Chemist: 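Please read through the structure below; I'll follow up with questions.
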Amino acid sequence: MVGEEMIRMRQTGDLLEVESPRPVAEFKITRYLRFDDDLGSILKELSKDSRLREVMAEVGGIRIVRQDPWECLVSYIVSRNCSIPMIRRTLDNLCRKFGKKIVWEESIDYGFPAPEMISQAEPSELVKCSLRYGRRQALELRKMAEFVSEGTMDFAALKRMPYEEAKSALMSFDNGVGNKVADCVLLFSLEKLEAFPVDVWVARAVAQLYQKHLDSESVDRIKREHRLTPKDYKCVSDFGRRRFGRYAGYAQEYLYHWIRLQRGACHLE
DNA sequence: CCCCAGGCACATT
DNA sequence: AATGTGCATGGG
């Protein structure tokens, strides 16, 4: 689903074939897949780092998608402390219960629920979608939905701000938006390709490859697989942005997939 | 029964 | 400002 468009896509060589039940404007697809990024020059710039260059060679092709900000925000609020299959299931439940149903031949799917649907939802109905933190999280989602639909949270304005400013603005809404969620929303939906979200996996990758450049106590905690302290987060994320610059977000995605390949975690997806 | 999964908010110090 | 702790689903 891209917005409320159901799409089937297949890549054969350099050709991308797209099918849909009704005509879909091409820009919706190319915008979602970030065809406006000059991937060649991005990869060339990131390749200046020899360790990252090897990582990129092992991982292969990656694209970052340009998500709808509201969808992205909800997705990462819901994701906290969950496995990827669990995240998918929760989001799917939310769409099935609150989204617009789309039928195409034998395929049935649902659009992502509008903020108005979530702000008016009964907390108990949200909890039924198997939210990891139950009622508390249901209230977080409702609050955010309210901020978005009344315009208190203005995604267009956030896009115009520089990274640091947009990040503190996002985090000031609380209700489930911390460092990680804010950086993910900035990277995947608000045009901040320099954002460098840090989860346990990215922290492990950076601690392993760039140990010398980090605070040694942070490296110790990360290698012992402790939960990340705010200090560790800042240490790794600031390093990522300094090291990889305006396309740090792409570097982050390569590091994330690389370390999961190393640890055999990709089968969990 | 145990463990842990793409963290965050809040209480203590 | 730093550190500790509760949260409370589901799959292995």
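What you see below is based on every heavy atom in this structure, not just the backbone, and it leaves out hydrogens, waters and symmetry mates. Keep in mind that this is a model prediction, so the values were computed, not measured. Lettering follows sequence order; numbering is per chain, from 1.
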Chemist: Quickly work out the A:N81 CG to B:dA9 C1' distance and round it to whole Å.
Modeler: 13 Å
Chemist: Looking only at side-chain atoms of A:Y133, point me to the closest of C:dG10, C:dT3, B:dG7.
Modeler: B:dG7
Chemist: For A:R227 and C:dT5, what is the distance between atoms CZ and C1' respectively, to the nearest whole Å?
Modeler: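 Taking atom C1' of C:dT5 as the reference, CZ of A:R227 is at 8 Å.
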Chemist: If I take atom CZ in residue A:R80 and atom C1' in nucleotide C:dA8, what distance separates them, rounded to the nearest angstrom?
Modeler: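 Going from CZ in A:R80 over to C1' in C:dA8 covers 11 Å.
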Chemist: For a quick test of reading the model: is some side-chain N or O of A:R89 closer than 4.0 Å to OP1 or OP2 of C:dG10?
Modeler: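 So the side chain of A:R89 is within the cut-off, an N or O lying under 4.0 Å from OP1 or OP2 of C:dG10.
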Chemist: Students often mix this up, so state it plainly: with edges at 30° and 60°, are the rings of A:F239 and A:Y210 parallel, tilted or perpendicular?
Modeler: tilted
Chemist: A:M171 has an atom CE; how far is it from atom P of B:dC10, in whole Å?
Modeler: 13 Å
Chemist: Please compare A:E217 and A:C129 by the position of their nearest nucleotide in DNA chain C and report the one closer to 5'.
Modeler: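 This one resolves to A:E217.
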Chemist: May I have the distance from A:F196 (atom CZ) to B:dG6 (atom P), rounded to whole angstrom?
Modeler: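 To the nearest whole Å, that distance equals 17 Å.
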Chemist: DNA chain C: A:T229 or A:R135, which has the more 5' nearest nucleotide?
Modeler: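 First, find each residue's nearest nucleotide; the 5'-ward one identifies A:T229.
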Chemist: To the nearest Å, give me how far apart CG (A:D232) and P (C:dA1) are.
Modeler: 18 Å
Chemist: Find out whether the Lys NZ or Arg CZ of A:R8 is both under 6.0 angstrom from the six-membered ring centre of A:W104 and within 45° of the ring's axis.
Modeler: yes
Chemist: For A:D174 and C:dC7, give me the distance from atom CG to atom P, rounded to whole Å.
Modeler: 19 Å
Chemist: Is any side-chain nitrogen or oxygen of A:R260 closer than 4.0 Å to OP1 or OP2 of B:dG6?
Modeler: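 Yes, because at least one side-chain N or O of A:R260 sits under 4.0 Å from OP1 or OP2 of B:dG6.
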Chemist: Tell me whether the side-chain N or O atoms of A:Y256 pair up with the base of B:dG6 as donor and acceptor below 3.5 Å, since no angle test is needed here.
Modeler: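 Side chain to base: pair present.
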Chemist: What's the NE2-P distance between A:H226 and B:dC3, to the nearest Å?
Modeler: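 So the NE2-P distance, A:H226 to B:dC3, works out to 15 Å.
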Chemist: Compare side-chain N and O positions of A:S79 against OP1 and OP2 of B:dG6 and report whether any pair is under 4.0 Å apart.
Modeler: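 Checking B:dG6 against A:S79, no side-chain N or O comes under 4.0 Å of OP1 or OP2.
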Chemist: Work out how far the P atom of C:dT3 is from that of B:dG6, and round it to whole angstrom.
Modeler: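 Looking at atom P only, C:dT3 and B:dG6 are 26 Å apart.
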Chemist: In whole Å, what separates the C1' atom of B:dC8 from that of C:dG11?
Modeler: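 Between the two C1' atoms, the distance is 23 Å.
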Chemist: Using the P atom on both, measure C:dA8 against B:dA11 and round to a whole Å.
Modeler: 15 Å
Chemist: Given the C1' atoms of C:dC7 and B:dA5, what is the spacing between them in whole Å?
Modeler: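 Approximately 14 Å lies between the C1' atom of C:dC7 and that of B:dA5.
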